[in-house]
There are 2 protein chains.
Amino acid sequence: MGTPLPRDPIADAQRNWEGHGWGNEAAPMAAVTAIMRTQQILLGRIEAVLKPFGLTFARYELLALLSFARSGALPMNKASALLQVHPTSVTNAVDRLQAAGLVVRSAHPTDGRTTLIELTSEGRTLAKSATAALNSEVFAQSGFTDQDVDQLIRILSAFRKNAGDFT
Amino acid sequence: MGTPLPRDPIADAQRNWEGHGWGNEAAPMAAVTAIMRTQQILLGRIEAVLKPFGLTFARYELLALLSFARSGALPMNKASALLQVHPTSVTNAVDRLQAAGLVVRSAHPTDGRTTLIELTSEGRTLAKSATAALNSEVFAQSGFTDQDVDQLIRILSAFRKNAGDFT
DNA sequence: GCAATATACTAGGACATCCAAGGGTTTGGA
DNA sequence: TCCAAACCCTTGGATGTCCTAGTATATTGC
């Protein structure tokens, strides 16, 4: 998985598509495939930075979300909605973060069905350190130009909105 | 995970970043997060289309790759390199595809270490059907305009090249 | 020619994601 | 008032991805 390929495999796939009579779908296919691959690369970088902190991206996201909540606490279902992942994924992440002493579960004051997740002080400290590391080692050198970043935000926001992520 | 949120969570995160003194990193962070989320949405659509065929995206990718190989066969390591996934992921996918009768393993004629993966006729037929479905149900209605597609291909190709995917 | 190194694949384990199903809690309409 | 429907979280199962060995085969160097 290490050595660079002599040719762009996605461009090759696009040519294959065109050669098989799917000329109209070839370019969108290439764009979609490129997004998949780019996500893979970015996730790899992020996980590498988070590893020394004992965090995965999923756990970091939850930690970061909590650190931005005024009270430092959120209901599980709220976290699930904001992170846009399945509730069971949040359960899983909270289990591990709790085992690491970074968050605690507590009862909701008025709704017995709801469980609140709350940052511990260790969790808050770690979130801050991990965020600083990600900013300096990933986001500050993303490999995208400022214009690329603007374009991506514009294109992908429209896509996500159209896909029903938000109104 | 179903109902649309009243606000864009990524735009909110970007504002949070800016409010915490990471103004330079906020936009790249938002772009990266948007890529992660977009990949998630696209993967969901693709898996939904492939499900009736009994395929996952990982298995489909391998089938499609084989169907474009002249001989219909590829060494495992070659497939791993072209799909840009870990060799063990290919082993996993081949195990399941073989169990489904879509591919077979065979010995390399000259290199005893190498295992060739070869499409069966069922595999070739299924790959064709699944590709047609993906083209009409996902790529032909990707939600990106033609200009967006061009921009994405341009930006992400440069990114992947810069990341060392290909020369 | 034989040992040391490199390469190819597989086995086992850690994580994450989703779905389906189950048990507890609230809410709203009969 | 009260019970059915809706909601919230967790458990168990299936997939996929990666990493760390471990086994087998090739190639290289002395």
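Spacing between atom NE2 of A:His108 and atom P of D:dC8 amounts to 10 Å, rounded to whole angstrom units. For the pair A:Gln84 CD and C:dT17 P, the interatomic distance rounds to 13 Å; values are reported in whole Å. Going from atom CG of B:Leu55 over to atom C1' of D:dT15 covers 13 Å, rounded to whole Å. The nearest whole Å value for the distance from the CD atom in A:Glu61 to the C1' atom in C:dT17 is 13 Å. Nucleotide D:dT15 holds its P atom 16 Å from the CG atom of B:Leu62, rounded to whole Å. Atom CZ in A:Phe57 sits roughly 17 Å away from atom C1' in D:dC18 (whole-Å rounding). At whole-Å resolution of the value, CD in A:Glu47 and P in C:dA16 are 8 Å apart.
Contact check for A:Asp12 versus B:Phe166: no side-chain heavy atoms found under the 4.5 Å cut-off.
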Any chance you could list the contact pattern along nucleotides 6-14 of chain C? Use B for base contacts, S for sugar-phosphate-only contacts and - for none, protein heavy atoms under 4.0 Å, 5' to 3'. -BSSBB---

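Legend: ring pair (Phe, Tyr, Trp, His ring centres under 6.0 Å) pairs involving residues 10-41 of chain B, not counting sequence neighbours, sorted by first then second residue: A:Phe68-B:Trp17, A:Phe68-B:His20, B:Trp17-B:Trp22, B:His20-B:Trp22.
Applying the side-chain hydrogen bond (donor to acceptor under 3.5 Å, both in side chains) test to A:Ser129 and every residue at least two apart in sequence or in another chain returns nothing. Residues satisfying the side-chain hydrogen bond (donor to acceptor under 3.5 Å, both in side chains) criterion with A:Thr125, sequence neighbours excluded, are absent altogether. For A:Thr145, the side-chain hydrogen bond (donor to acceptor under 3.5 Å, both in side chains) partners two or more places apart in sequence, or in a different chain, are A:Asp148. With sequence neighbours excluded, no residue satisfies side chain to side chain contact (heavy atoms under 4.5 Å, CB included) with A:Asn24. A search for ring-ring contact (aromatic ring centres under 6.0 Å, His included) contacts involving B:His108 returns nothing, not counting sequence neighbours. Applying the side chain to side chain contact (heavy atoms under 4.5 Å, CB included) criterion to A:Ala73, with sequence neighbours excluded, gives A:Ser71, A:Glu118.
Across the interface with DNA chain D, nearest-nucleotide mapping of B:Thr56 and A:Lys51 shows B:Thr56 to be the residue nearer the 5′ end.
Rounded to 10°, the angle separating the first-five-pair axis and the last-five-pair axis of the helix from C:dG1-D:dC30 to C:dA30-D:dT1 equals 10°.
Salt-bridge formation is not detected for the pair A:Lys161/B:Asp8: no Lys NZ or Arg NE/NH1/NH2 atom is positioned less than 4.0 Å from an Asp or Glu carboxylate oxygen.
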